[in-house]
Amino acid sequence: MRHSPLLLGALLLALHSAGAQSLADRIAAAGDGRVSFSFAARPEVCGDGEGSISIGRSHVRSNGERRPCVHGPVRVRFTMRDGQVDQLESSVGATTPLDGRDLGTVSPGDAARWLLALAARGEGRAAARAITPAVLADGVVVWPTLLDIARDSSGQRRGVRTEAAFWLSRFAGAAIGGHPATLADDDADDRDDVKLHAVFVLSQLRNHEGIAPLLDVARTNANLAVRRRALFWLGQSGDPRALSLFESLLRG
């Protein structure tokens with residue numbers, strides 16, 4: 001059967017449009033109900049397919065059960081209600097069949113953009129929970145957007161800002177370790193418990209009195225693990241000086 005050039009052109013245009021459809025468009029077209037998608041994870045990330053996720057030798061999230069930590073795709077699943085995202089969850093590693101509509105494998109870049117857009121505009125738990133899977137996306141630079149989110153004081157978004165600041169502290173820790181492209185800690189066994197406890201004590205001082213000395217430790221201490229621990233507590237502080245330090249370290 002022969003087709004006219006006009007018909008062939010229309011078919012090719014339709015195929016191109018379908019292929020160019022954004023992840024946001026596909027999610028919107030899925031309508032209400034359970035939706036999921038998967039994408040490639042950073043090489044240093046593994047998980048048990050359920051609640052546990054690790055980066056290198058450090059646990060990002062643990063469900064208390066001991067299961068094999070397997071490198072595999074990040075899977076995001078959530079519920080759409082009246083066009084809004086609710087009950088967002090993520091996992092890494094072995095995958096199990098899920099109910100609802102599975103959009104299949106998407107590019108890490110598309111996934112991270114959609115997740116960070118959700119984090120940037122949302123105020124609920126789903127917005128905060130969107131940050132971790134975005135960070136785990138392979139080959140995607142997310143810290144500039146996280147910095148914007150952490151500095152956004154509008155609305156009831158404390159949980160979102162705290163999550164963004166936590167990951168910024170991890171990226172800053174990777175930067176001072178000389179491997180900004182990977183989040184895996186390489187100094188987990190090189191720890192000075194006395195100095196680490198001193199850093200903790202500084203983090204607990206009232207009225208942000210410990211922020212200035214923590215900033216000094218994070219900038220100049222000779223022990224890399226101690227510097228990273230200072231960065232961690234700075235990330236929990238909510239102090240804008242901490243965000244400025246993270247930015248300076250990440251911009252190099």
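Because the structure is predicted, anything quoted here is derived from the model rather than measured.
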Check: [Y] and [X] side chains under 4.5 Å, non-hydrogen atoms:
X      : Y      : result
Glu89  : Pro133 : no
Phe37  : Ile27  : yes
Pro144 : Leu147 : no
Val199 : Val226 : yes
Leu243 : Arg151 : yes
Leu115 : Ile131 : no
Ile176 : Arg228 : yes
Pro180 : Leu250 : no

Minimum-distance pair of heavy atoms, taken over all atoms of [X] and [Y]:
X      : Y      : answer
Phe246 : Ala172 : CD2-CB, 3.9 Å
Leu146 : Phe171 : CD1-CE1, 3.9 Å
Ala111 : Leu23  : CA-CD2, 3.9 Å
Met80  : Val85  : SD-CG2, 3.6 Å
Ala127 : Leu118 : CB-O, 3.8 Å
Thr220 : Arg227 : N-NE, 4.3 Å

Between [X] and [Y], does any side-chain donor sit less than 3.5 Å from a side-chain acceptor?
X      : Y      : result
Asp148 : Thr145 : no
Ser169 : Trp233 : no
Arg77  : Ser91  : yes
Thr182 : Glu44  : yes

Is any NZ, NE, NH1 or NH2 atom of the basic residue among [X] and [Y] found under 4.0 Å from an Asp or Glu carboxylate oxygen of the other?
X      : Y      : answer
Asp102 : Arg75  : yes
Arg161 : Asp152 : no
Arg81  : Asp86  : yes
Asp110 : Arg113 : yes

Give, for atom [atom1] of [X] and atom [atom2] of [Y], the distance between the pair rounded to the nearest 0.5 Å.
X      : Y      : atom1 : atom2 : answer
Leu196 : Arg229 : CG    : CZ    : 5.0 Å
Ile55  : Leu183 : CD1   : CG    : 5.0 Å
Ser203 : Gln236 : OG    : CD    : 9.0 Å
Asp138 : Arg42  : CG    : CZ    : 7.5 Å

TODO: Tell me whether Val76 is reachable from Val70 by hopping between hydrophobic residues (I, L, V, M, F, W, Y) whose side-chain heavy atoms are closer than 4.5 Å.
DONE: no
Open item on the list: Are Ile211 and Leu205 linked, directly or through intermediate hydrophobic residues, by side-chain heavy-atom contacts shorter than 4.5 Å (ILVMFWY only)?
Closed with: yes
TODO: Give the C-alpha distance, both sets of side-chain angles, the deciding distance and a yes or no for side chain to side chain donor-acceptor pair (under 3.5 Å) between Trp114 and Ser22.
DONE: CA-CA 9 Å; Trp114 182 82; Ser22 71; over 6 Å; no
TODO: Please say whether more than 12 non-hydrogen atoms of neighbouring residues, nucleotides or ligands are located less than 6.0 Å from CZ in Arg158.
DONE: no
Open item on the list: Less than 6.0 angstrom separating the ring centers of Phe166 and Trp143, yes or no?
Closed with: no
